[in-house]
Novice: 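One structure follows; several queries about it will come next.
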Amino acid sequence: MYHKFDLCDGKERLKAKRAQGKKYEIFLNENEESYKNFKVPFKEVLKYYYLYPKNAIVPFKLPFYKPNLSDFDAPHITWLGHSSLFVSFKKYKILIDPIFNTHASPFSFINRAFKNAPVYSADDFGDIFAVIITHSHFDHLDAKSVKALKHRAKFFITPLKVGNYLKSYGVSEKKIIELDWWDGIEFDDLNIIATPSQHSSSRGDGKNKTLWASFVMEFKSVDRKVFFSGDGGYFTHFKKIGEYFKEFDLVCLESGQFNKAWPFSHSFPDQILQEAKDLNAKALMPIHWGRFLAGTHAWNEVVEFLYKNLDIAFITPKMGEGYKIGDEFKQDFWWR
């Protein structure tokens, strides 16, 4: 059915670091500065959610499509808003961080989706080969969505310990595959590898009890590779990933919600440019934008910046619009 493999070399490609906390074991980033004596000021959190500029919210109805569920012979990727993605290649229908909900928090009045943005459901996708969850934050792991998919999906692939949440939502333990950094799974014509990211995890039950990760997909018979950043700030892991995998046909990089108050957890616009270079990317698709509040910057600020400064193909499909990886993309500036 599948088999696991390990790309860790004990030198450059390392497993996630762990440490014993006061009450439980925690995971750590490779960058020590990201967790040493670092606290986010409450006033910055307040500013992010409640004192944001007017242009942090999209002012018009966002265009969207119903996802195409065809069995494509070439890999297609569909952005569903924020960091939610749908990957389709032959028999492989894969959802990444699906949020079939109107809010990304335990409370319906916090971190609500834009009123002008679409809300997809499990019924829009039918049976799913796998669901990938990059980490446990509410805007990536949504209990309602997991419960809707628990009988439709064959596998749930997560970083270490995230499976505990899935089991509590009714997902069979037999369906859950947990990966450390540089662990991979081979499914006939598809490899999925968990790679490092620089972030954190919590669902209000303790910080960093579960691992966070980026992911790589290798579509073997067509020789295509895609990188999915999940959430995270810039560090040397991007260079290491690029050096090992040589190049990527497409990188889906976090492109929004950066803030000087949490400089290690999210990438700043200029850092995204460097990440694409480190990964040897041929094309970039922005994610982590377009559906939830952008906080202290305009909702499309990072996309505007990337369009003006990138020297590779810039892929910005509408929500639900499929993109064939490697194809030329015609920019229509729907986000302006």
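Residue numbers count from 1 along this sequence. This is a predicted model, so every value here is computed, not measured. Any value given below was found using the heavy atoms of this structure, including those in side chains, with hydrogens, waters and symmetry copies removed.
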Novice: Decide yes or no for Ile94 and Ile157: does some side-chain heavy atom of the first lie under 4.5 Å from some side-chain heavy atom of the second?
Specialist: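 No. Closest side-chain heavy atoms not under 4.5 Å.
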Novice: Look only at the side chain of Lys4 and the backbone of Asp183, and say whether a donor-acceptor pair between them is shorter than 3.5 Å.
Specialist: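 Side chain of Lys4 to backbone of Asp183: no pair is present.
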Novice: Report the relative orientation of the aromatic rings in Trp182 and Tyr244; use parallel for angles under 30°, tilted for 30 to 60°, perpendicular for over 60°.
Specialist: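 Rings of Trp182 and Tyr244: perpendicular, over 60°.
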Novice: Check the side chains of Glu254 and Ser83 for a donor-acceptor pair under 3.5 angstrom, ignoring hydrogens and angles.
Specialist: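 No pair is found: no donor N or O on one side chain lies under 3.5 Å from an acceptor on the other.
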Novice: State plainly whether the residues Asp180 and Lys15 are in salt-bridge range, i.e. N to O under 4.0 Å.
Specialist: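 Judged by the 4.0 Å cut-off on N to carboxylate O distance, Asp180 and Lys15 do not form a salt bridge.
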Novice: Between Arg336 and Glu304, is any pair of side-chain heavy atoms under 4.5 Å apart?
Specialist: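 Side-chain contact under 4.5 Å: yes.
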Novice: Quick one: are Lys277 and Phe238 in side-chain contact, heavy atoms under 4.5 Å?
Specialist: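 The answer is no; the side chains never approach within 4.5 Å.
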Novice: Between Asp278 and Tyr234, is any side-chain donor less than 3.5 angstrom from a side-chain acceptor?
Specialist: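 Tyr234 and Asp278 do have a side-chain donor-acceptor pair below 3.5 Å.
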Novice: Between Gln257 and His288, is a side chain to side chain donor-acceptor pair (under 3.5 Å) present by the stated rule, with each step listed?
Specialist: CA-CA 8 Å; Gln257 300 180 320; His288 207 255; 3.1 Å; yes
Novice: Could you measure the distance from the NE2 atom of His237 to the CG atom of Leu279? Nearest 0.5 Å is fine.
Specialist: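 Going from the NE2 atom of His237 to the CG atom of Leu279 covers 8.5 Å.
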Novice: Could you tell me if the ring centre of Phe333 sits under 6.0 Å from that of Tyr307?
Specialist: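 Yes, ring centres under 6.0 Å apart.
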Novice: Starting from Leu273, can I reach Phe258 by hopping between I/L/V/M/F/W/Y residues whose side chains sit under 4.5 Å apart?
Specialist: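 Same hydrophobic cluster.
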Novice: Answer yes or no: is there a donor N or O on one side and an acceptor on the other, between the side chain of Asn300 and the main chain of Val303, under 3.5 Å?
Specialist: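 Judged by distance alone, no pair lies under 3.5 Å.
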Novice: Measure up the Tyr92 and Phe89 rings against each other and bin them: parallel (under 30°), tilted (30 to 60°), perpendicular (over 60°).
Specialist: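 Rings of Tyr92 and Phe89: parallel, as their planes differ by under 30°.
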Novice: Are Trp79 and Tyr65 co-members of a hydrophobic cluster defined by side-chain heavy atoms under 4.5 Å apart?
Specialist: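 In one cluster with Tyr65: Trp79, no.
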Novice: Within a 6.0 Å radius of atom CG on Asp223, are there more than 12 heavy atoms belonging to other residues, nucleotides or ligands?
Specialist: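 Atom CG in Asp223 is not crowded, with 12 or fewer foreign heavy atoms closer than 6.0 Å.
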Novice: Scan Asp71, Asp188, Asp189 and name whichever one has a salt bridge (charged side-chain N to carboxylate O under 4.0 Å, His left out) with Lys91.
Specialist: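 The passing option is Asp188.
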Novice: Go through the side-chain N and O atoms of Ser267 and Glu275 and say whether any donor and acceptor fall under 3.5 Å apart.
Specialist: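 Looking only at side-chain atoms, Glu275 and Ser267 do form a donor-acceptor pair, the distance falling under 3.5 Å.
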Novice: NZ of Lys167: more than 12 outside heavy atoms within 6.0 angstrom?
Specialist: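 More than 12 within 6.0 Å, yes.
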Novice: Would a distance-only check, ignoring hydrogens and angles, find a side-chain to backbone donor-acceptor pair under 3.5 Å from Ser265 to Gly232?
Specialist: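 Not a single qualifying donor-acceptor pair exists.
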Novice: Under 3.5 Å, side chain of Glu178 to main-chain N/O of Gly163, donor-acceptor pair present?
Specialist: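 Such a contact is found between Glu178 side chain and Gly163 backbone.
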Novice: Taking the side chain as C-beta and beyond, is there a heavy-atom pair between Trp181 and Leu14 under 4.5 Å?
Specialist: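 Trp181 does not reach Leu14 side chain to side chain.
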Novice: Compare all side-chain heavy atoms of Tyr165 with those of Val171 and state whether any distance is below 4.5 angstrom.
Specialist: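 SC-SC contact between Tyr165 and Val171 ruled out.
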Novice: What is the ring orientation for Phe187 with Phe155, classed by angle as parallel under 30°, tilted 30 to 60°, or perpendicular over 60°?
Specialist: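 The rings of Phe187 and Phe155 sit tilted, inter-plane angle from 30° to 60°.
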Novice: For the backbone of Ile133 and the side chain of Thr158, can you confirm whether one donor and one acceptor N or O come within less than 3.5 Å of each other?
Specialist: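 No.
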Novice: Parallel, tilted or perpendicular: which one describes the rings of Trp299 and Trp289, with boundaries at 30° and 60°?
Specialist: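 Correct class here is parallel.
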Novice: Please determine which of Ser201, Ser202, Ser200 meets the side chain to side chain donor-acceptor pair (under 3.5 Å) test together with Thr210.
Specialist: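 Checked Ser201, Ser202, Ser200 against Thr210; only one passes side chain to side chain donor-acceptor pair (under 3.5 Å): Ser201.
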Novice: Would you say Ile315 and Phe305 are hydrophobically clustered, going by side-chain heavy atoms of ILVMFWY under 4.5 Å?
Specialist: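 Linked, Ile315 and Phe305 end up in one cluster.
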Novice: State whether Phe245 and Lys225 meet the cation-pi test: NZ (Lys) or CZ (Arg) under 6.0 Å from the six-membered ring centroid, and within 45° of the perpendicular axis.
Specialist: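 Verdict for Phe245: no cation-pi partner in Lys225.
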Novice: Sub-3.5 Å donor-acceptor pair from the side chain of Asn116 to the main-chain atoms of Leu62, do we have one?
Specialist: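 Not at all, since once roles are kept as given, no pair shorter than 3.5 Å links the two residues.
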Novice: Quick check: does any side chain N or O of Trp334 sit under 3.5 Å from a backbone N or O of Thr316, one acting as donor and the other as acceptor?
Specialist: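 Looks like yes, one N/O pair under 3.5 Å.
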Novice: Would you please classify the geometry between the His137 ring and the His199 ring as parallel, tilted or perpendicular, with 30° and 60° separating the classes?
Specialist: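 Geometry flag for His137 against His199: perpendicular rings.
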Novice: In this structure, are over 12 heavy atoms from other groups packed under 6.0 Å from Lys324 atom NZ?
Specialist: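 No.
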Novice: For residues Leu95 and Phe129: do they belong to one hydrophobic cluster (side chain heavy atoms under 4.5 Å, members Ile, Leu, Val, Met, Phe, Trp, Tyr)?
Specialist: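 Yes, one cluster joins them.
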Novice: Ser70 and Ser88: which non-hydrogen atoms are nearest, and at how many Å?
Specialist: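 Minimum heavy-atom separation between Ser70 and Ser88: O-OG, 2.9 Å.
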Novice: Using every non-hydrogen atom in the two residues, find where Ser255 and Val302 come nearest and quote the distance to one decimal.
Specialist: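 Reported closest heavy-atom pair: O-CB, 3.3 Å.
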Novice: Taking the six-membered ring for Trp, are Phe292 and Phe138 closer than 6.0 Å centroid to centroid?
Specialist: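 Aromatic pair excluded; centres sit 6.0 Å or further apart.
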Novice: For Arg291 and Ile99, work out which heavy atoms get closest and say how close.
Specialist: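 Result for this residue pair: NH1-O, 3.0 Å.
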Novice: Under 6.0 Å from the CZ atom of Phe60, do we count more than 12 heavy atoms belonging to anything else shown?
Specialist: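 Count over threshold, so yes.
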Novice: For the CD1 atom of Ile193 and the CE atom of Met217, what is their distance to the nearest 0.5 Å?
Specialist: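 Those atoms lie 10.0 Å apart.
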Novice: Please indicate whether Lys17 has more than 12 foreign heavy atoms, meaning atoms of other residues, nucleotides or ligands, lying under 6.0 Å from its NZ.
Specialist: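 Enclosed.
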Novice: Go through Phe228 and Phe215 one step at a time and tell me if the ring pair (Phe, Tyr, Trp, His ring centres under 6.0 Å) criterion holds.
Specialist: CA-CA 5 Å; Phe228 305 93; Phe215 284 85; 8.2 Å; no
Novice: Could you check if a side-chain atom of Ile132 sits within less than 4.5 angstrom of a side-chain atom of Val87, using non-hydrogen atoms only?
Specialist: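 SC-SC contact between Ile132 and Val87 ruled out.
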Novice: Quick one: does Trp212's side chain have a donor or acceptor within less than 3.5 Å of a partner on Asp231's backbone?
Specialist: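 No, the answer is negative, given that no donor and acceptor are paired below the 3.5 Å cut-off.
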Novice: Within a strict 4.5 Å, meaning less than it, do heavy atoms of the Glu186 and Glu218 side chains meet?
Specialist: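 No - every pair of side-chain heavy atoms lies 4.5 Å or more apart.
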Novice: Do Trp335 and Val58 have side-chain heavy atoms sitting under 4.5 Å apart?
Specialist: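 In short, these two side chains do not touch, never coming nearer than 4.5 Å.
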Novice: Are Ser34 and Asn31 linked by a side-chain donor-acceptor pair shorter than 3.5 Å?
Specialist: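 Side-chain D/A pair, Ser34 to Asn31: absent.
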Novice: Between Asp123 and Arg152, is there a salt bridge with N-O shorter than 4.0 Å?
Specialist: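 Yes, this pair counts.
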Novice: Same cluster for Ile110 and Val119 if Ile/Leu/Val/Met/Phe/Trp/Tyr side chains link at under 4.5 Å?
Specialist: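 Different clusters: Ile110 never reaches Val119 through Ile, Leu, Val, Met, Phe, Trp or Tyr contacts under 4.5 Å.
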Novice: Using 0.5 Å steps for rounding, measure from the CD1 atom of Ile77 to the CG atom of Leu85.
Specialist: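 Those atoms lie 4.5 Å apart.
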Novice: Hey, which of Asp327, Asp249, Asp73 is the one that makes salt bridge (charged side-chain N to carboxylate O under 4.0 Å, His left out) with Arg224?
Specialist: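 Exactly one candidate clears the test, Asp249.
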Novice: Looking only at heavy atoms, what is the nearest atom pair of Glu33 and Phe264, with distance?
Specialist: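 Shortest heavy-atom separation between Glu33 and Phe264 comes out as O-CE1, 3.3 Å.
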Novice: For the residue pair Ile26 and Lys207, what are the closest heavy atoms and their distance?
Specialist: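 Nearest pair, atom of Ile26 first, then Lys207: CG2-O, 3.7 Å.
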Novice: Do we see a donor-acceptor contact under 3.5 Å between the side chains of His76 and Asn68?
Specialist: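 Not at all, the side chains of His76 and Asn68 share no donor-acceptor pair under 3.5 Å.
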Novice: Inspect the surroundings of CD in Glu173 and state if more than 12 heavy atoms from other residues, nucleotides or ligands are less than 6.0 Å away.
Specialist: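 Atom CD in Glu173 is not crowded, with 12 or fewer foreign heavy atoms closer than 6.0 Å.
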Novice: Give me the atom names and distance for the closest heavy-atom approach of Lys93 to Ile128.
Specialist: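 Of all heavy-atom pairs spanning Lys93 and Ile128, the closest is O-CG2, 3.3 Å.
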